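Below is one structure; the comments refer to it alone.
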Amino acid sequence: MFRLSIKDYTLILNRDGVKTKLNYDPVKGMMFRRQLPEYMQYLAPKSENIWRDSDQEILLIGGGLSNIRQWLRKIGVQSKITNVDFYTDYKSTVSHKHFKEDFYDWDIPLDCYDQEWALWSLPTYALSKTELETFFIKAVLGLKPNGILRVFPINRCPGDMNSSNVEYSKDQRKTDAICILKKIEKLGFDVKIFYPQDMEYIVDKIQMSDSNKDKKIYSMFIKHVSNRRRKYIEKEFEQYQNKPKDKNAIAVNITAPVKKDVKHIANVKLNKMLYALTR
Ligand SMILES: C[S@@+](CC[C@H](N)C(=O)[O-])C[C@H]1O[C@@H](n2cnc3c(N)ncnc32)[C@H](O)[C@@H]1O
């Protein structure tokens, strides 16, 4: 259950007796409009670009107001963007399709997405182990064979939750995430865990690349992202890079089995796991 009050920028969440309020104030509250360069920086390791040209369908899980659609259109990537998030503006054009829903209540279409991106959304806002596990299981069910789920971070919870009755700590999230990821791996998914040390600062990542798309992204980054925000991105990334791995935020990329029949068998098992969690 969620209730959103746009007037005082509050999201009230109440699930299974765990309650929390999140602050959406554009200045004091959560950040919910990160743009493509930040997704590129945090969701793909150093050596990789975030998208594959053949990808058609991209799902943003908790994409907020990140205008990924506009960035991709300007660089000539035709992928269709779907965003599932509590928060939306009726005039929003950040995605082609928008579901104003709680991801946990949303019926994710099976085998539908080439990529799913969750940046500072879920499982960060999971209120319990059940929710964290439900997030990973539902998200990978939605992947096409060879589709990729990219998540950062898997082991953090937002500051707002400190004033609520959410007791789910970041260390516990890490343990639980690693455990469910091992189960998903056994079903034939490729699971790659990485740290900010394995990522690359977005300006370096784009400047080192000889792709024309990346060059366009770089000029858009300079033109459309304020100097203040660019400085913030650089400083934040530097802080992550300097944190020891055992205390650092963790990213994960999960690739679905390439073969349709292997994904199909995995789906049957994942649905059983989901049923056991939601019973
Ligand atoms: C900190 S914002 C990040 C938004 C965007 N990904 C970005 O990086 O700017 C977290 C987003 O996750 C969304 N969110 C959290 N839990 C969710 C859930 N259970 N279902 C749908 N959206 C959720 C929030 O509404 C919010 O827009």
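Position 1 is the first residue of the sequence, and the numbers go up from there. The shown structure was predicted, so the numbers you read here are calculated from the model rather than taken from an experiment. Remember, it's 1-based here, ligands and their atoms both numbered in the order they're listed.
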Hey, is Tyr39 one of the residues with a heavy atom under 4.0 angstrom from ligand 1? yes

Has Lys174 got more than 12 heavy atoms of other residues, nucleotides or ligands less than 6.0 Å from its NZ? yes

Could you tell me whether Phe152 and Tyr240 have their ring centroids closer than 6.0 angstrom? yes

Counting only heavy atoms, which portion of Arg33 has something under 4.0 Å from ligand 1: side chain, backbone, both, or neither? backbone

For the 3.5 Å polar cut-off, considering only N or O atoms, please tell me whether Arg34 and ligand 1 meet it. yes

Quick one: look at Ser66 and ligand 1, take heavy-atom pairs under 4.0 Å, and tell me if it's side chain, backbone, both or neither. side chain

Atom indices of ligand 1, in the order listed, that fall short of 4.0 Å to a heavy atom of Gly64: 27 (O)

Looking at ligand 1, does any of its N/O atoms fall within less than 3.5 Å of an N/O of Leu119? yes

Sole candidate of Lys80, Arg52, Lys144 that passes salt bridge (Lys or Arg N to Asp or Glu O under 4.0 Å) when paired with Asp114: Lys144

Is Tyr201 reachable from Ile50 through a run of hydrophobic residues whose side-chain heavy atoms are each under 4.5 Å from the next? yes

Nearest-contact summary for atom 21 (C) of ligand 1 - protein heavy atom, Å: Glu101 O, 3.4 Å

Candidate pair Trp51 and Gln115, rule side-chain hydrogen bond (donor to acceptor under 3.5 Å, both in side chains), full reasoning: CA-CA 8 Å; Trp51 64 78; Gln115 296 227 23; over 6 Å; no

Given the rule that I, L, V, M, F, W and Y join up when any side-chain heavy atoms are under 4.5 Å apart, are Val166 and Leu13 in one cluster? yes

Heavy atoms only, cut-off 4.0 Å: how does Leu22 contact ligand 1, side chain, backbone, both, or neither? neither

Atom 10 (C) of ligand 1: the protein heavy-atom neighbour that sits closest, reported with distance to 0.1 Å: Trp120 O, 3.2 Å

What residue and heavy atom of the protein are closest to atom 2 (S) of ligand 1, and at what distance? Met31 O, 3.2 Å

Are any of the N/O atoms on Gly62, whether in the backbone or the side chain, positioned under 3.5 angstrom from an N/O atom of ligand 1? yes

Is ligand 1 less than 4.0 angstrom away from at least one heavy atom of Glu131? no

Contact with ligand 1 for Tyr24, non-hydrogen, under 4.0 angstrom: yes

Residues, nucleotides or ligands: over 12 heavy atoms within 6.0 Å of Asp246 CG: yes

Let me know which of Glu236, Lys235, Arg229 forms a side-chain hydrogen bond (donor to acceptor under 3.5 Å, both in side chains) with Tyr232. Glu236

Quick check: does Asp85 get an N/O under 3.5 Å from an N/O on ligand 1? yes

Report the nearest protein non-hydrogen atom to atom 23 (C) of ligand 1: residue, atom name, distance rounded to 0.1 Å. Phe86 CE1, 3.4 Å

Would you call Glu57 and Lys97 a salt bridge, taking side-chain N to carboxylate O under 4.0 Å as the test? no

Please list the nearest protein heavy atom to atom 12 (O) of ligand 1 with its residue and the distance rounded to 0.1 Å. Ser121 CB, 3.4 Å

With Trp106, the ring-ring contact (aromatic ring centres under 6.0 Å, His included) member among Phe86, Phe99, Phe135: Phe99

Polar atom proximity, Tyr104 to ligand 1 (N or O, under 3.5 Å): no

Does His96, at its NE2 atom, have more than 12 non-hydrogen atoms belonging to other residues, nucleotides or ligands within less than 6.0 Å? yes

Ligand 1 versus Phe135: contacting region, heavy-atom distance under 4.0 Å: neither

Sub-4.0 Å atoms of ligand 1 with respect to non-hydrogen atoms of Asp102: 18 (C), 19 (N), 20 (N)

Heavy-atom neighbours of Lys245 NZ exceed 12 at 6.0 Å: yes

Which of the listed options, Phe103, Phe99, Tyr125, Phe32, holds the heavy atom that is closest to atom 15 (C) of ligand 1? Tyr125

